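Notes follow once the structure below has been shown.
Because the structure is predicted, anything quoted here is derived from the model rather than measured. Note that the numbering runs from 1 along the sequence shown for the chain.
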Amino acid sequence: MNNSKNNFIKVFLNLKSIRMLFLGFSSGLPILLVFSTLSVWLVKAEVSRSTITMFSWAALAYSFKFIWSPIIDSFKLPFQNFGHRRSWLLISQLMIVFSLIFISFTDPSKTLVLTAIGSVLIAFSSASQDIVIDAYRIESAPQKLQGVLSSLYIAGYRIAMLVAGAGSLLLASYLGVEVYDVEVWKIVYLTMASLMLIGILTTIFSPEPNIKRKISFLSFNDQLRFLITFILAIAIFILVYSFLDNPFNNKEPLEKFLFALIRITLCFVSSGILIYLLIKINLIKKNSASIAYIKPISNFISRYGKTAVLILLLIGLYRIADIVMGVVANIFYLEKGYNVKEIATYSKFFGVFATILGGIIGGYTAVRIGTLRALFFGALIAAASNLLFAWLAVSDPNIDILITVITADNVSSGFAGAAFVVYLSALTSMKFTATQYALFSSLMLLLPKVLAGYSGAIVNQVGYSNFYIFTAIIGIPVLLLIIWIAKIAPVKE
């Protein structure tokens, strides 16, 4: 018993484990700076609620990262002596620092477009960093250590969210955030940029993973062609998105949401057609495109057959209840009458520790009762916890009720998140780990983030209480999917 306990502690104090704690911090720091913290800044700058929730679309970069994950896998950077993974990791971290500095010098009350550009740059750089860290984690240790590395990565990630969430808001409160002053937010974001040194130093002093699978680098000409194609595809995506105006601006949120899905689908189709034509004219070699994009997908489909569609649908819907609810949370707290300091203390500070606790319980539960059972229970409590926000919406402002609701929500979210990571890891093939994991984690956020962008408009139509009931109801199909998949495609434990 003592030997088992000592081995358990020894594994967690392993240098590789500690390294993932710091890289998790680097990964978790940027996301709230383009999400909840940014929403508080925008509220104070008197930006409209519907515009603020649309800013959450900047985080769609996390949903689209599977598009450029093969490029990160095969594009050789000039300073390759530093190591392939470490080179990409360092460049993505430096991009995050630059983006945070850029947005700190904007003023959303005057230069909202520049603030939007800054948020997109942060999200893109952060998503790129996540791709590399996921690959680095998987390649730097055997499978038996992945659970430990993942748990410490998540702990570091949540600590960073505490710093970027509660820390940034407490700093803003100390500097005088109640009366809008752009200099306050400039200091906040520059401070967050300086904390990225933790990740940068970890990358510099970390070894390159010693992997058995040889990375097939493209030739310089193929790299250049891939890069040109990627830029053109993104340009077409943006042009089509800008060209298609929403005819339902004065209609119901559901009609707006359905149009948004059609709009994004047409954008992807347009980019896909362009890539197909570029392959046809041999700008990209067919074999290179197949290795980068087709083989990881065909590998997944060949392993799961027709069930692959249901699994992908489950991945796309699993986090929908809490993500859609989360976008409007800070706005709700402020409009309910809670001040920035209370939000920072209870929502960001205690909430993060509740999420870490939920994650530990979720991971342990997955081991004890099985992945799909833990997945089902996580989806159930994540959706059910949204009903507590409906109760909060109709209650008078009360700190005790706020703490209860936030704690329950974060524990359930942490539990569901941990169970989901275990499930995604079980689905991923070791032959295409980085690309498939990027695809799964991207799909996880795509539909929820699109719907979340309209959460402000939905609240305007139905009110907060009905909105939270709605977010609980949309979690029900997830439960049915898990039951179905458990019967036809159980996870090999």
- request: Would you check if L190 and L100 make a side-chain contact, meaning some heavy-atom pair closer than 4.5 Å?
  value: no

field: Stepwise side-chain contact (heavy atoms from CB on, under 4.5 Å) check, L38 with T115
entry: CA-CA 10 Å; L38 179 61; T115 305; 4.2 Å; yes

task: Taking the side chain as every heavy atom from C-beta outward, state whether D107 and L112 have any pair of such atoms under 4.5 Å apart.
output: no

field: Gap separating the CD1 atom of I159 from the CD1 atom of I356, nearest 0.5 angstrom
entry: 5.5 Å

message: Hydrogens and angles aside, do E208 and Y136 bring a side-chain donor and acceptor to less than 3.5 Å of each other?
response: no

statement: Correct closest heavy-atom pair for V97 and A193 would be CG2-O, 4.0 Å

- prompt: Which atom names give the shortest non-hydrogen contact between A383 and G475, and what distance separates them?
  reply: CB-CA, 4.3 Å

- prompt: Rounded to the nearest 0.5 Å, how far apart are CZ of F82 and CG of L90?
  reply: 5.0 Å

query: Looking at side-chain heavy atoms only, is the closest gap between I311 and F440 below 4.5 Å?
result: no

message: If I take atom CD1 from residue I103 and atom CG from residue L114, how far apart are they, to the nearest 0.5 angstrom?
response: 10.0 Å

message: Would you call the rings of F420 and Y318 parallel, tilted or perpendicular, taking 30° and 60° as the class edges?
response: parallel

- prompt: For the side chain of T202 and the backbone of I198, is there at least one donor-acceptor N/O pair under 3.5 Å apart?
  reply: yes

Inter-residue atom distance S48.OG - L42.CG, 0.5 Å rounding: 9.5 Å

- prompt: Looking at T471, V405, I469, which one forms a side-chain contact (heavy atoms from CB on, under 4.5 Å) with F389?
  reply: V405

message: In this structure, is the centre-to-centre distance between the rings of Y468 and W391 below 6.0 Å?
response: no

From I406 atom CD1 to T355 atom OG1, the distance as rounded to the nearest 0.5 Å: 10.5 Å

- prompt: Between the side chains of R19 and S140, is a donor N or O closer than 3.5 angstrom to an acceptor N or O?
  reply: no

- prompt: Sub-3.5 Å donor-acceptor pair from the side chain of S104 to the main-chain atoms of I101, do we have one?
  reply: yes

field: Considering all heavy atoms, the nearest P108-V47 contact
entry: O-CG2, 4.2 Å

- prompt: Side-chain donor-acceptor pair under 3.5 Å between T111 and T106, yes or no?
  reply: no

field: Whether K44 side chain and V179 backbone form a donor-acceptor pair below 3.5 Å
entry: no

Atom CZ of F332: over 12 foreign heavy atoms under 6.0 Å: yes

message: I'd like to know whether Q129 forms a side-chain hydrogen bond (donor to acceptor under 3.5 Å, both in side chains) with S27, so could you lay out the CA-CA distance, the side-chain angles of the two residues, the decisive distance to 0.1 Å, and finally the verdict.
response: CA-CA 7 Å; Q129 179 187 224; S27 181; 4.7 Å; no

task: Determine, step by step, whether V113 and I117 satisfy the side-chain contact (heavy atoms from CB on, under 4.5 Å) criterion, reporting the C-alpha distance in whole Å, the side-chain angles of both residues, the deciding distance to 0.1 Å, and the verdict.
output: CA-CA 6 Å; V113 173; I117 292 172; 4.1 Å; yes

- prompt: Which distance, rounded to the nearest 0.5 Å, do you find between the NZ of K186 and the OG1 of T191?
  reply: 12.0 Å

field: Donor on one side chain, acceptor on other, R86 and T203, under 3.5 Å
entry: no

Test item: T37 and Y189 side chains (from C-beta on) under 4.5 Å apart, heavy atoms: yes

field: Minimum side-chain heavy-atom gap S413-R319 below 4.5 Å
entry: yes

field: L388 and T404, any side-chain heavy atoms less than 4.5 Å apart
entry: no

task: For the pair N386 (side chain) and A321 (backbone), establish whether a donor and an acceptor sit closer than 3.5 Å, ignoring hydrogens and angles.
output: yes

- prompt: Between V394 and Y464, is any pair of side-chain heavy atoms under 4.5 Å apart?
  reply: no

message: Can you tell me how the ring of Y157 sits relative to the ring of Y153, calling it parallel under 30°, perpendicular over 60° and tilted otherwise?
response: tilted

query: So Y333 and L402, side-chain contact (heavy atoms from CB on, under 4.5 Å) or not? Walk me through it.
result: CA-CA 9 Å; Y333 298 144; L402 179 68; 3.8 Å; yes

message: How close do I482 and L372 get, counting heavy atoms only, and between which atoms?
response: CG2-O, 3.7 Å

field: Closest non-hydrogen atom pair between L195 and V163, with its separation
entry: CD1-CG1, 3.5 Å

- prompt: Judged by atom type as modelled, is there a donor-acceptor pair below 3.5 Å linking the side chain of S168 to the main-chain atoms of A164?
  reply: yes

- prompt: Under 3.5 Å, is there a donor-acceptor pair between the S128 and S92 side chains?
  reply: no

- prompt: Under 3.5 Å, is there a donor-acceptor pair between the S109 and E46 side chains?
  reply: no

- prompt: Is a side-chain donor or acceptor of S412 paired with a backbone partner of D409 at a separation under 3.5 angstrom?
  reply: yes

- prompt: Any side-chain heavy atom of L121 within less than 4.5 Å of one from M95?
  reply: no

query: Ignoring hydrogens and geometry, is there a side-chain-to-backbone donor-acceptor pair from N466 to V462 under 3.5 Å?
result: yes

task: Please check if atom CZ in F102 has more than 12 non-hydrogen atoms from other residues, nucleotides or ligands closer than 6.0 Å.
output: yes

message: Restricting to non-hydrogen atoms, name the atom on L23 and the atom on G199 that form the minimum distance, rounded to 0.1 Å.
response: CD2-O, 4.4 Å

